[in-house]
Amino acid sequence: MAAANLPPAADAAAVPRHVVIVMDGNGRWAQRRGLPRAAGHRAGVAPVRSTVRHCVARGVQVLTIFAFSSENWSRPPQEVGLLMQLLLEALGREVDELGGQGVRMHFIGDRGALPATIVAAMERAEQRTLQNDRLQLVVAIGYGGRWDLACGARQLATEVLAGTLALADIDVERLGGALSLGQLGLPDADLFIRTGGERRLSNFLLWNLAYAELWFTDVAWPDFDEQVFDLALADYAGRQRRIGRTGDQMEAQKVC
Ligand code: IPE
Ligand code: IPE
Ligand code: MG
C-alpha cells in the first residue's frame, strides 16, 4: 500500500498531528434512555462525521478511530451482526462525502475474520479515496494491538528465514514499520481520546500509543461533538511533551 506522504505538521506543539479515538459508551448511552444498545450504535455514526470535519478544520492530519476490536467478537452474535451491518451501511453511504472533503480512507485490523461484503466495501473505499491527502482517516475494524504486534513479528521472522533480512537489523524502526500504521507510512499517535468514562487502552495501538498524550472523558460517544473535541485539543496544547528530556531542556529548546 502506498505511504501517505504527510506534509510537515502545521504547528506541532499546538495541534496534534495524529489523533486516536476509542469511541466508547454507545451501549450505556442507549440504556440510560431506556433504548436498546443498537440505538446507541446508530447514534454513534453522526459524531464520526462531525469529528472528521473538525479534524479537517483544525489541521489534524491523521485520525484513527476504533470501530470494532478483536475482543468485540465476544459480544452476543446479534450485536456483532448489527455492528457489521451498520459498518457496511456507513461505508456505502459516507465514502463519497468523505472523499469530497479530501479524506483518504484506510482500514486496519484482521480482514480474514470479517464478512467478505465488508472487506469489499473497505477495499472500494480505499481505492476511491486514494488520491486524497487532506486527512488520513484510519478505521480500525477487527483490530487488536497484540494481533498487530504478532503480525509484525511474524513478517520480520519470515524475512529473516527467507534471507532478505539480517537478524541484527531488527530494531525499533523496522518493527514499527512492519505494524499496521507503519506499513501505511503514518506517524505514531499524538493524542489519545477515549469517551464513555473508562480509563483503559482496550488493546488499541499498543506500539503507536507509546508516547501519546492521554485524554479521557465521561461523555458517551453519541454525545461527542466539536466542543468536547476542542476541550481535548486545548488540553493537548497545554501539555509538555518531554519524551524523556527534562523540563529545563524543553525550555532551552524553545529559546533557541
Ligand atoms: C463502543 O460502545 C462501540 C463498540 C465497542 C463497538 P460500546 O458498545 O462499548 O458501549 P458501552 O461501553 O457498552 O456503553
Ligand atoms: C473498545 O471498547 C473498542 C471500541 C470502542 C471499538 P470496548 O467497550 O469494547 O472496551 P472494553 O471491553 O470495555 O475494554
Ligand atoms: Mg464499551
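Just so you know, ligand 1 is whichever comes first in the structure, and atom 1 is the first atom listed for that ligand.
Proximity to Ala67 (heavy-atom distance under 4.0 Å) selects the following atoms of ligand 1: 6 (C). Listed by number with element, the atoms of ligand 1 under 4.0 angstrom from any heavy atom of Arg75 are 5 (C), 7 (P), 8 (O), 9 (O). For ligand 1 and His41, the ligand atoms under 4.0 Å from any heavy atom of the residue are 3 (C), 8 (O). Per-residue contacts place Val22 under 4.0 angstrom from the following atoms of ligand 2 (heavy atoms of the residue considered): 1 (C), 5 (C). Set against the non-hydrogen atoms of Arg28, the atoms of ligand 1 under 4.0 Å away are 11 (P), 12 (O), 14 (O).
Side-chain contact between Met122 and Leu87 is absent, with no heavy-atom pair separated by less than 4.5 Å. Side-chain contact between Trp207 and Leu181 is absent, with no heavy-atom pair separated by less than 4.5 Å. Looking only at side-chain heavy atoms (C-beta outward), Phe107 and Val119 stay at 4.5 Å or farther from each other. Looking at Met84 and Leu114, their side chains come closer than 4.5 Å, going by heavy atoms from C-beta outward. The shortest side-chain heavy-atom distance between Thr64 and Leu186 does not fall under the 4.5 Å cut-off. In this structure, Tyr236 and Val19 have side chains that are not in contact, with every pair of non-hydrogen atoms separated by 4.5 Å or more. Side-chain atoms of Leu233 and Leu191, non-hydrogen and from C-beta on, do get closer than 4.5 Å to each other.
Counting heavy atoms closer than 4.0 Å to ligand 1, residue Arg37 contributes side-chain atoms (C-beta onward) but none from N, CA, C or O. If you look at Phe68 next to ligand 2, the close heavy atoms, those under 4.0 Å, all belong to the backbone.
The protein heavy-atom contact nearest to atom 7 (P) of ligand 1 is Asp24 OD1, 3.5 Å. Closest protein heavy atom to atom 9 (O) of ligand 2: Asn72 ND2, 2.8 Å. Ranking protein heavy atoms by distance to atom 13 (O) of ligand 2, first place goes to Arg200 NH2, 2.8 Å. Among all protein heavy atoms, the one lying closest to atom 1 (C) of ligand 1 is Met23 O, 3.0 Å. Protein heavy atom at the shortest distance from atom 14 (O) of ligand 2 is Ser202 OG, 2.5 Å. From the protein, the heavy atom lying nearest to atom 10 (O) of ligand 1 is Gly27 N, 2.9 Å. Of the protein's non-hydrogen atoms, the one nearest atom 2 (O) of ligand 1 is Asn26 N, 3.3 Å.
Between Glu126 and Arg111 there is a salt bridge, with a side-chain nitrogen of the basic residue lying less than 4.0 Å from a carboxylate oxygen of the acidic one. At a threshold of 4.0 Å, the pair Asp190-Arg17 does not count as salt-bridged, since none of the basic side-chain nitrogens sits closer than that to a carboxylate oxygen. Classification of Asp248 and Arg242 as a salt-bridged pair fails, no side-chain N sitting under 4.0 Å from a carboxylate O.
One side chain, Gln85 or Glu89, offers a donor N or O that lies under 3.5 Å from an acceptor on the other. Donor-acceptor pairing under 3.5 Å is recorded for the side chains of Glu159 and Gln155.
Every heavy atom of Glu71 sits 4.0 Å or more from the atoms of ligand 2. Ligand 1 lies less than 4.0 angstrom from a heavy atom belonging to Gly25.
Distances from the Mg ion (ligand 3) under 2.8 Å pick out these protein N/O/S atoms: Asp24 OD1.
One finds the CZ atom of Arg93 at 8.5 Å from the CG atom of Leu86 (value rounded to the nearest 0.5 Å).
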With side chain to side chain contact (heavy atoms under 4.5 Å, CB included) as the criterion, how do Gln101 and Arg134 come out once you've worked through the C-alpha distance, each side chain's angles and the decisive distance to 0.1 Å? CA-CA 8 Å; Gln101 291 179 59; Arg134 200 135 179 229; 5.5 Å; no
List the steps, then state whether side chain to side chain contact (heavy atoms under 4.5 Å, CB included) holds for Leu130 with Arg104. CA-CA 6 Å; Leu130 199 61; Arg104 179 167 172 189; 3.6 Å; yes
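When only interatomic distances are considered, the shortest N/O to N/O separation between Ser69 and ligand 2 does not fall below 3.5 Å. Ligand 2 has no nitrogen or oxygen under 3.5 angstrom from a nitrogen or oxygen of Glu198.
Here atom 3 (C) of ligand 2 lies nearest to Phe66 when heavy atoms of Phe204, Trp221, Phe66, Tyr143 are compared.
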